[in-house]
2 protein chains.
Amino acid sequence: MLQGEKENINTWITRINTDSKAAISVDCVVFGYDETGLKILLIDCDMPPHEGKMSIVGDLVRSDENLDQAATRILEQRTGLANLYMEQVKAFSEPKRHPLGRVITLAYYSLIKIKDYIIVDKEHKQPKWINIEDIGDLAFDHNEIVSTCLESLQKKVREHPIGFSLLPKKFSLMQLQNLYETVLGIELDKRNFRRKLNSLKLLIDLGENQKEVSHRPAKLYSFDFEKYDSKRKKGKLNFEL
Amino acid sequence: MLQGEKENINTWITRINTDSKAAISVDCVVFGYDETGLKILLIDCDMPPHEGKMSIVGDLVRSDENLDQAATRILEQRTGLANLYMEQVKAFSEPKRHPLGRVITLAYYSLIKIKDYIIVDKEHKQPKWINIEDIGDLAFDHNEIVSTCLESLQKKVREHPIGFSLLPKKFSLMQLQNLYETVLGIELDKRNFRRKLNSLKLLIDLGENQKEVSHRPAKLYSFDFEKYDSKRKKGKLNFEL
DNA sequence: TCAAAAGTGTTCAGCGTACACCCATGC
DNA sequence: GCATGGGTGTACGCTGAACACTTTTGA
């Protein structure tokens, strides 16, 4: 359209259907936690010129779904993963980012406990959990997407209690601390960490202990999601680690 | 594509060019500040069924530009505004959000000092600064976009010194405090605010005073962007208001 | 001399940080 | 009895929050 030209409903419809159409995809960085580290789910990429590399899980969005729905559907279709917490992060839109044409992608991340889910290889693309330290050169701009999503995850984990879903319902304080150290990639002081958690008053002491461990058994706790929600509604809550 | 069907390069190209194409737009919430308040730039909407409402400034993305470039171009073309700080916030993607077809939009915001820019009405859509309190019912899902962008702006202003561009180069501490109170929509304590700014050591005392004011003249300061950058690079900086 | 905004200090409570030893259990 | 990880307390410094009066200028 020329600058200053008056638009009408026909020019709009034309433009919507021609000039500016782009393929839209979502790409999802699935972070997985187990007690050995933080990993992400990668699959084989067989699209030229990136054959042989690995990529994160993504696909094109359909015309009858919004992006959140697309992300959920695609992850389920390609890996069997369902009912995940997902968070939209950012659009990646360089015109030449995709070899087969203009594809704008919306990056999402998800965070799960590896043991709770079974990955189904529905497409013979060998989905694998790769430790966050060991990710090599990925297809497309997926390295950039992964690092953007990791930053976003770390910020979120510091500010919201999304980490608790990564632990068993009953967990010890050491498990919790290890979780934060792993996801944030930092070390924390044991005593200070405990005092902090204690001051939040959001853990329920279950009065139970670990069993059959060859050392002093740890006390077990669970997270009080109800109390968290009600405190948050009432306005004042510093969840900040 | 059926689940489990093996993809190849032809199915990909087909899908990229047919099923999943959507029109992509950017919509930009331009926040403008002057000493009377925080405003946003709205234009008349003449697209059915939203004729008569106002809307934020947006348009379709072209195939040869990325989203940041599109946002810059569109704002310049429609309002004459150029060289703005812009920040991508989120995609809005409900399939029926746009009356003329599938349009996924990426929301951006920008923040400027009203006096520094001249708005050019290139399309006879009467661009206007509307106080943030007085925004009525906007076209499309633009009310939702505006409130999402406002939250995002407020978070950014608290954590980064983007507010200083809204003031004259030489400003008083009261002007600075008013700015934060206006943008964040809260009240601040004068003495605590001053102590905080003082402790950051990022203001340069110019040794000058206001003139021709009918009360005690305020001292004037400027913000030390260089020092801010170097402190930030060296790692340790708590800019947090 | 008055109106209007500028400027200034202290106290208190809470929070992050640094740091080292004893405890309970299984083998 | 020893190896292993669990569990605990104190002191210090920084920061945010609350709060009221004096100063300087122009009209």
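Here is the naming used below: chain letters follow the sequence lines, and residue numbers restart at 1 for every chain. For the numbers below, each heavy atom of this structure counts, side chains included, while hydrogens, waters and symmetry mates do not. Owing to the predicted nature of the structure, the values given are computational and were not obtained by experimental measurement.
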Worksheet item: Reading nucleotides 17-26 of chain C from the 5' end, what letters show protein touch, with B for base, S for backbone sugar-phosphate only, - for no heavy atom under 4.0 Å?
Response: BBBB--BBBS
Worksheet entry | Length of the line joining A:Leu200:CG and C:dC15:C1', which is rounded to integer Å | 12 Å
Item to complete: Could you state the atom-to-atom distance from CG of B:Leu220 to C1' of D:dT24 in whole Å?
Response: 15 Å
Discussion item. Restricting to salt bridge (Lys or Arg N to Asp or Glu O under 4.0 Å), what partner residues turn up for B:Lys155, sequence neighbours left out?
Written reply: A:Glu159
Worksheet item: Between A:Val29 and A:Phe31, is any pair of side-chain heavy atoms under 4.5 Å apart?
Response: yes
Fill in: Contact residues, residues 153-168 of chain A to DNA chain C [heavy atom, < 4.0 Å]
none
Fill in: Value in whole Å for how far the C1' atom of D:dG9 lies from CG of A:Asn198
13 Å
Worksheet item: Between A:Glu133 and A:Lys39, is the closest basic N to carboxylate O distance under 4.0 Å?
Response: no
Practice prompt. Identify whether the distance between the nearest side-chain nitrogen and carboxylate oxygen of B:Lys53 and B:Asp44 falls below 4.0 Å.
Written response: no
Worksheet item: Is any side-chain heavy atom of A:Asp59 closer than 4.5 Å to a side-chain heavy atom of A:Val26?
Response: no
Practice prompt. In whole angstrom, give the distance that lies between atom CZ of A:Phe193 and atom P of D:dT8.
Written response: 14 Å
Worksheet item: Taking DNA chain C as the partner, which of residues 172-185 of chain A come within under 4.0 angstrom of it by heavy atom?
Response: none
Discussion item. By the salt bridge (charged side-chain N to carboxylate O under 4.0 Å, His left out) test, which pairs, at least two apart or in different chains, include something from residues 179-189 of chain B?
Written reply: none
Worksheet entry | ring-ring contact (aromatic ring centres under 6.0 Å, His included) partners of residues 191-214 of chain A, not counting sequence neighbours, each pair once | none
Practice prompt. Specify whether B:Phe223 and B:Phe225 have parallel, tilted or perpendicular ring planes, treating 30° as the upper limit for parallel and 60° as the lower limit for perpendicular.
Written response: perpendicular
Discussion item. Tell me whether the side-chain N/O atoms of A:Lys196 come closer than 4.0 Å to OP1 or OP2 in C:dG16.
Written reply: yes
Practice prompt. Is it possible for you to check whether B:Lys169 lies under 6.0 Å from the centre of the six-membered ring of B:Phe171, through NZ or CZ, and within 45° of that ring's axis?
Written response: no
Practice prompt. Report yes if some heavy atom in the side chain of B:Gln175 is under 4.5 Å from a heavy atom in the side chain of B:Pro168; otherwise report no.
Written response: yes
